[in-house]
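First comes the structure, then the notes that go with it.
Fair warning: this is a prediction, and the values are worked out from it, not measured in the lab. Just follow the structure's listing: the first ligand is 1, and inside any ligand the first atom is 1.
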Amino acid sequence: MEIYLDNCATTKVCEEAIRASVYAMSEQYANPSSLHKKGFEAEKLITDAKRVFANALSCDEREIYFTSCATESNNMSIIGTAFAKKRVGNKIITTQIEHPSVLQAVKYLETQGFEVVTIKPGKDGSFNAEDFYDATDDKTILVSTMLVNNEVGLILPVDEIGKAVKRKTPDVIYHVDAVQAFGKLPIKLKNSPIDLLSASGHKTYAPKGIGLIYIKKGVRLTPLLYGGGQQKGIRPGTESVPLICAFAAAVESIDIKENLEHYNMLKNYLISRLSEIEEVSVNSNENCVPYIVNISVKGVRSEVNLHFLEQYGIFVSSGSACAKGEKSYVLKALGCNDKQIDTALRISFSKDTQKSDIDELVDRLKLGIKTLIKLK
Ligand code: PLP
């Protein structure tokens, strides 16, 4: 038996994605830049895929570019904007709870003379667009925030943030890391203040190794790579047709509305069952998505609990997969104390998660508390 509740770290690849990639690898294997018919056919698969993403995001297909992962999309957005706009200003605004692929990119930019301001959440653990307005000035070139946080599932008010910063400085570029939202929440880029958006295939039932970046028409980035001129030279390198097709097939097969109903049902059920356990407190509040539930289990350290559950084929996370072993700066910023942080577990659902998986998890958590607390 395997109960996989670590879908924020990565998802199992769906059948549609597998089929699409196998077709591209076995039949449409030509280089999409080749001038012959087979090259043209491979290129057409990329164009068709772009249409799927443009449809999913309500943008123009010419605004979609492919990358190797969202880490690359985030780096491209942040470093590419900073270098493209360095004559205009040097200030960048982000938040304390971003993914390391944003925080490390801005840290690098600090070594290059850029000034970085990180916005803290308020006491209630939410972000206020007016704080971004106040921090923005005429030297501000870029604001980068996530849409959904990967550890607790907090939703940031990106439309309000984007509108607020542009009200202050109209030319500021607004980048959104939508990795934990894309394919799960509806995202409409038409008439939105978002200029750049990152997403990743392996969080939405496609394989690892494929990401995308939406670049609003007219927004200029300095490329991080130089090469053969593919993707208008903004991101050169031969496109991975199989991974692009897999990503598009996976996204096309997702029914966001139906999945959200399912996630809401699962979250409500999980929360009600967890209320049976005195030692459990829930760190994800009502501003969080229904597919990520972060909890703390009094008296049982995260890693110990994770490995206890693993013996029963239940897989959860002790935080984000990218922050192995380190104390969560996200939970700290959101007001959790050290004990809550040391005992935190992240449970994240997929479209295939069942109520019976939650029953099994809750039963094993209860058993774990009995066994492990006694052992101490
Ligand atoms: N941004 C967020 C919010 C994430 O959760 C992740 C991955 O966990 C990333 C960016 C990086 O994505 P990738 O693994 O595609 O580089």
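Contact annotation for Glu98 and ligand 1: no heavy atom of the residue comes within less than 4.0 Å of the ligand. Looking at Asn150 against ligand 1, only its side chain comes within 4.0 Å, counting heavy atoms. Neither the backbone nor the side chain of Val102 has any atom closer than 4.0 Å to an atom of ligand 1 (non-hydrogen atoms only). Using a 4.0 Å cut-off between heavy atoms, His202 contacts ligand 1 through its side chain alone, with no backbone atom that close.
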May I have the step-by-step check of salt bridge (Lys or Arg N to Asp or Glu O under 4.0 Å) for Lys217 and Asp60, ending in yes or no? CA-CA 8 Å; Lys217 188 167 178 264; Asp60 192 293; over 6 Å; no
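Between Asp137 and Lys168, none of the side-chain N atoms (NZ, or NE/NH1/NH2) sits under 4.0 Å from a carboxylate O, so this pair counts as no salt bridge. Ion pairing between Arg235 and Glu72 holds under the 4.0 Å rule for side-chain N and carboxylate O. Ion pairing of Glu130 with Arg167 is present here, as a side-chain N (NZ or NE/NH1/NH2) and a carboxylate O approach within less than 4.0 Å. For Asp342 and Lys339, the salt-bridge test fails: no basic side-chain N is under 4.0 Å from an acidic carboxylate O.
Close to ligand 1: Lys203, with a non-hydrogen atom less than 4.0 angstrom away. Within the 4.0 Å heavy-atom cutoff, Ser101 counts among the residues contacting ligand 1.
In the model, Tyr312 has no side-chain atom that pairs as donor or acceptor with a side-chain atom of Asp363 under 3.5 Å.
The structure places CD1 of Ile314 at 11.0 Å from CD1 of Ile358, a figure rounded to the nearest 0.5 Å.
Of all atoms in ligand 1, numbered sequentially from 1 with element shown, those under 4.0 Å from a heavy atom of Ser200 are 13 (P), 15 (O). Near Asp177, with a cut-off below 4.0 Å to any heavy atom, the atoms of ligand 1 are 1 (N), 2 (C), 3 (C), 10 (C).
Polar contact with ligand 1: absent for Met146 (N/O pair, distance under 3.5 Å).
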